[in-house]
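Shown next, in structure tokens, is the structure this report addresses.
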Amino acid sequence: PEAADLRALARHLYEAYLKYFPLTKAKARAILSGKTGDSAPFVIHDMKSLMEGEQFINCRQMPIQEHQQQTSALTAAHGVELRFFHSCQSRSAEAVREVTEFAKSIPGFVDLDLNDQVTLLKYGVIEVLIIMMAPLMNKDGTLISYGQIFMTREFLKSLRKPFCQMMEPKFEFSVKFNTLELDDSDMALFLAVIILSGDRPGLLNVKPIEQLQETVLHSLELQLKLNHPDSLQLFAKLLQKMTDLRQIVTDHVHLIQLLKKTEVDMCLHPLLQEIMKDLY
Amino acid sequence: KEKHKILHQLLQNSTSPVDL
């Protein structure tokens, strides 16, 4: 019966994952390997294709008029990077909302102290977003804009400093992470484990969080044994990734803080500002 | 609470998403 409960938890989290995250790993890998028939993504590989591809970016989040106003406000010198960065922020804010809904679906999460729920999200959400980027990436580039666009790694590296430094660490991490070959049902459990980290600074009541995490960890361990019977030590390897992840988030937040100081025209999305303030 | 106003809203608002 205990194993049955752990399997039910895995199924529940997988269903929530499918419900709240629009681009699954299965779909992303199909797009990346050209198995989606005639709907190949638009490729951004230089400034010209970026301009052409911009109509795809943000089309879901922003009313056209507002987008045009913001676009025209940012057409000064160096505007391209800032404009693209702005689009990334809108998508990230939307993704934070998706992760929040997923977190709320973890059994027991909404019964935690509300301040602790906030702390878990504040510290966990960027880690979750970086893990969720991995399925969208390969060594040559990344899918963006819900899989409608493929942006090359070389193009991202060609942007001016410090924008060119933002994605390279995520590519390095993702290429290694993808060798673990997790599927969407494994990912759902791993994301829940990350969210339920009992060592986040400022938590008021650690014990119930650790208890919830322990159950999800057991479910993840069983899931990996059943789903990847030939992959030795996969559970241990996956848990080790959590250490690398914290370093990537720390570096990412420092880079954003640097941008805030150096880029006169940069405005940070209020939700992202809230998350990053006093984070690391 | 004020420091994390939007996160609070996202957590408590179960149906309509906060205007992002």
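Because the structure is a prediction, the values reported are computed rather than measured. A note on names: the letters A, B, ... follow the listed sequences, proteins ahead of strands, and every chain is numbered from 1.
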**Asked** Between atom CD of B/Gln9 and atom CD of A/Glu274, what is the distance when rounded to the nearest 0.5 Å?
**Response** 8.5 Å

**Prompt:** Taking atom CG of B/Leu7 and atom OG1 of A/Thr119, what is their separation to the nearest 0.5 Å?
**Reply:** 9.5 Å

**Prompt:** Below 4.5 Å, heavy atoms only, C-beta onward: do B/His4 and A/Leu121 meet side chain to side chain?
**Reply:** no

**Complete:** Given A/Val110, A/Val125, A/Thr100, the one with more heavy-atom pairs under 4.5 angstrom with chain B than any other is A/Thr100

**Request:** Indicate yes or no for a side-chain donor-acceptor contact from A/Gln117 to the backbone of B/Leu11 under 3.5 Å, with no hydrogens or angles considered.
**Result:** no

**Complete:** CD1 of A/Ile275 to CD1 of B/Ile6, rounded to nearest 0.5 Å, is 8.5 Å

**Complete:** Between A/Lys104 and B/Leu10 the two heavy atoms that sit nearest each other are NZ-O, 2.9 Å

**Asked** Considering only heavy atoms from C-beta outward, does the side chain of B/His8 approach that of A/Asn115 to under 4.5 Å?
**Response** yes

**Request:** Take atom CD of A/Gln273 as the centre, draw a 6.0 Å sphere, and report whether it contains more than 12 heavy atoms from other residues, nucleotides or ligands.
**Result:** yes

**Asked** Is it the case that more than 12 heavy atoms not belonging to A/Lys241 sit under 6.0 Å from its NZ atom?
**Response** yes

